[in-house]
Engineer: 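Quick one: the structure is below, questions incoming.
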Amino acid sequence: MIWFDGFAVRDITTSGSVVRVRVGGVGPPVLLLHGHPETHLMWRHLAPELAQRFTVVAADLRGYGESGKPPTTADHAPYSKRSMALDMAEVMTALGQDRFAVVGHDRGGRVAHRLARDHRNRVAKLAVLDICPTLDMYECTDMAFARAYYHWFFLIQPYDLPERMIGADPAYYLRSKLASSAGSDVFPVEVVAEYLRHYARPETIHAICEDYRASAGIDLEHDRADRGRLLDVPILALWGAKGVVGRTFDVLDVWRRYTTEEVSGAPLPCGHFLPEEAPEATLAALMPFLET
Amino acid sequence: MMFDGFDTRRIVVDGVDVPVRTAGSGPPVLLLHGFPQTHTAWHQVAPALSGEFTVVVPDLPGYGASRGLEPTAEKFAKRNLARLMVGLMDTLGHGRFALAGHDRGARIGYRLALDHPGRITRFAPIDILPTLEVWEAMNWQAALGSYHWLLLAQPAPLPENLVGADGPGYVRHLIDRWAGHHDRLDPTAVAAYARAFADPAVVAAACADYRAGATLDVEHDRVDRDAGRKIDCPVLLIWARRYLKERGRRHLDVWRSWAEDVRELPLDCGHFVAEEAAQDCAAALLSFFSEEYHAR
C-alpha cells in the first residue's frame with residue numbers, strides 16, 4: 001500500500017520542535033492538520049485529489065506521529081494551540097508559503113483556529129472538521145456532553161494517571177477510540193497499524209494528554225483573551241451527521257460568531273472521521289471552498 | 001484488630017453472596033460503604049455504634065468479597081441494590097432499621113428510603129447529593145472533578161480495561177485524591193480496598209454501578225421528584241468540607257427538596273468521613289439514631 005504517492009517527506013525544524021510534513025502537488029497552498037488519535041495519514045484519500053489543484057502540506061502536529069515531542073511545563077504551554085500553531089506558521093514559511101488555506105480535523109481544527117487568530121495575515125481560509133471552538137464546547141458542558149466527551153475530562157487528569165491507564169494497553173485504547181467515534185468501520189488493518197506505531201510510544205501518549213491538558217487551561221485563557229476579536233476569513237465547517245458536535249450545537253451559528261466573513265458548511269453522512277469515512281463528500285465540500 | 005467481637009457471616013440474597021459483619025444488641029443499624037471501598041470503611045464507626053445498636057455491615061453487592069450479581073446497569077441500579085439490602089435485613093429479622101450510607105452506599109440508602117417507605121427509621125447520607133442533582137449541576141469544572149462518573153459509565157469494556165490494567169493502583173489514586181487527612185486512613189484498610197480491585201469482577205461491578213448511576217438511577221430519581229415523592233424519615237446529612245464543596249446552592253437546601261426533615265453536619269475532613277473524622281461521625285450517628293428511641 002502506497003500512501004501519498006509522489007509526495008515528498010520533510011522534517012522541518014521550528015523554533016520549538018520538529019515537524020514532519022508530506023508535500024505534494026502544485027497550485028495555491030493548503031495545509032492539512034489531523035486530529036486525535038491519528039497522524040497526517042488520515043488525509044491519505046484527500047491529499048492526492050487535492051494535490052491536482054493545490055500545493056498540499058499534510059503535517060503531523062507537535063506531539064503526534066513523527067513530529068517532535070518537546071518536554072512540557074507546568075502550564076502545558078509547549079502543547080498550547082498557540083505553540084502548535086506557531087510550528088505550522090514556521091513550517092509554511094520554510095516551505096516558502098506566505099498565505100495559505102488551512103483544513104483541520106479535531107485537534108488539528110483547534111490548531112487551525114488558533115493559527116488563523118494568531119497569524120491573521122497568513123491564513124486565507126479556514127475549514128474546520130467536526131469541531132466547535134474549545135471555549136464553546138467547555139462552556140456548554142452538561143450531562144449529555146460530559147458523558148459523550150468523557151475523554152476531555154479523563155485525558156486532562158493530572159500526570160500520570162491517564163498516561164498509565166492508556167499506556168497499559170495503547171492498542172486497545174486506540175482501537176476503541178477509533179471505533180467509538182466513527183460512524184462505520186472504515187479503518188483498514190494497515191492504517192490502524194500505522195496509527196498504533198505512533199500511539200504505542202509512551203512519549204506520544206504523554207504529549208496527547210498534554211495537548212488536552214493545555215486545552216482545559218492555557219488554551220482557554222488565550223481563547224478568552226480573543227473573545228470578540230473576529231476573524232476576517234471565510235470559514236467552512238463540516239461535521240458528522242452521526243456525531244456529538246452536530247447534536248450539541250448549531251454548528252454554523254457558533255462559527256458565525258467568530259468571523260466577519262461567510263460561514264458555510266453542512267453535516268456529512270458519517271461519524272467523526274469525515275475524511276476517512278466520507279472522503280468523497282468531504283472532498284466535494286472542500287473543493288469549491290478552496291477554489292473560490 | 002478490626003471488627004473485634006463481630007460475627008462474620010455470608011448471606012445469600014436472591015442469589016447474591018453478601019458477606020456481612022454483625023455485632024451488638026438493640027435497634028438495628030445498617031451501614032453501607034461507598035466506592036472504591038469495602039465494609040472495612042466502617043471499622044471505627046461500627047464498634048462505636050455496637051454498644052447501643054445491632055450493627056449490620058455488609059460489603060455492597062459486587063464490591064469487596066460480595067459476588068454473584070451480574071454486572072449490568074439493571075442489576076446495579078440503586079433500586080435493585082436497595083431491594084437486595086432490604087432482603088438482607090429481612091433475612092436477619094430486621095423489619096425497621098436506621099441506615100447510614102457513604103458515597104454509593106448513601107445512594108442505595110436514599111433509594112431504599114424512597115422505594116420502601118416505613119422501613120428506615122432514620123437516614124444519614126454521608127458526603128453526597130442525590131444522583132439527579134449531581135448530573136443536573138454538571139458543567140465542565142464539575143466534570144473535571146467527577147471525571148470518574150464519566151469514565152466508569154462508558155460502554156463496556158473500555159473502563160473495565162483501563163481501570164483493570166491496575167485496579168489497586170486506581171484505588172490508591174482515588175484515595176489520594178479524595179482524602180483530606182490521608183494519615184487518618186488505616187494502611188491495612190487502604191490495602192484491603194486496593195486488593196479488592198485486583199479482581200476484575202469488582203472492577204466490572206463498579207463500572208456497572210456507575211453506568212446505572214448515569215442512566216437508570218437518574219430516571220428513577222426524576223420520576224420520584226416529578227411525583228413529589230419524598231423521604232419520609234428524619235435525615236442527617238453529614239458532609240466533608242474538603243470534598244463536597246458548596247457552589248451556589250447549599251447542600252442542605254438540595255436535600256430539603258428530597259426529604260421533609262433534614263439537618264446537616266459539615267465536618268472538616270476529606271471524602272472518607274467515617275475514617276478521617278471517625279469520632280465525630282460516630283458521635284453524630286449515635287446521637288441521631290438514639291433520638292428515635294428517646295422520643296418514644
Engineer: Quick check for you: among B:Gly145, B:Ala214, B:Ala165, B:Ala153, which has the greatest number of heavy-atom pairs under 4.5 Å with chain A?
Structural biologist: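 When all of B:Gly145, B:Ala214, B:Ala165, B:Ala153 are compared, B:Ala214 has the most.
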
Engineer: May I have all residue pairs that pass salt bridge (Lys or Arg N to Asp or Glu O under 4.0 Å) and include part of residues 238-247 of chain A, sequence neighbours excluded?
Structural biologist: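 Checked against salt bridge (Lys or Arg N to Asp or Glu O under 4.0 Å) - neighbours excluded - no pair reaches residues 238-247 of chain A.
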
Engineer: If you tally heavy-atom pairs under 4.5 Å against chain A, which of B:Ala143, B:Gly169, B:Gly164 wins?
Structural biologist: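 Answer, by heavy-atom pair count under 4.5 Å with chain A: B:Ala143.
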
Engineer: Looking only at N and O atoms, which donor-acceptor pairs between chain A and chain B are within less than 3.5 angstrom?
Structural biologist:
| from | atom 1 | to | atom 2 | distance (Å) |
| --- | --- | --- | --- | --- |
| A:Arg147 | O | B:Gln154 | NE2 | 2.9 |
| A:Arg147 | NH1 | B:Ala214 | O | 3.3 |
| A:Gln157 | OE1 | B:Arg177 | NH1 | 2.3 |
| A:Gln157 | OE1 | B:Arg177 | NH2 | 3.3 |
| A:Gln157 | NE2 | B:Leu144 | O | 3.1 |
| A:Tyr172 | OH | B:Pro157 | O | 3.4 |
| A:Tyr172 | OH | B:Leu158 | N | 3.1 |
| A:Tyr172 | OH | B:Asn161 | ND2 | 3.3 |

Engineer: Check each atom of B:Val134 against the heavy atoms of chain A and say whether the ones under 4.5 Å are side chain, backbone, both or neither.
Structural biologist: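 Contact with chain A: none, neither part.
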
Engineer: Pick whichever of A:Ala146, A:Ala144, A:Pro158, A:Cys140 has the most heavy-atom pairs under 4.5 Å with chain B.
Structural biologist: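 Top option by heavy-atom pairs under 4.5 Å: A:Ala146.
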
Engineer: At a heavy-atom separation under 4.5 Å, does B:Pro155 approach chain A through its side chain, its backbone, both, or neither?
Structural biologist: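 For B:Pro155, there is no contact with chain A at all, as no heavy atom is under 4.5 Å.
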
Engineer: Considering non-hydrogen atoms only, spot the tightest contact between B:Met138 and A:Met143 and give its length.
Structural biologist: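 Heavy atoms of B:Met138 and A:Met143 come nearest at CB-N, 4.1 Å.
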
Engineer: Under a 4.5 Å heavy-atom cut-off, does chain B meet the side chain of A:Leu220, its backbone, both or neither?
Structural biologist: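 Looking at A:Leu220, just its side chain touches chain B.
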
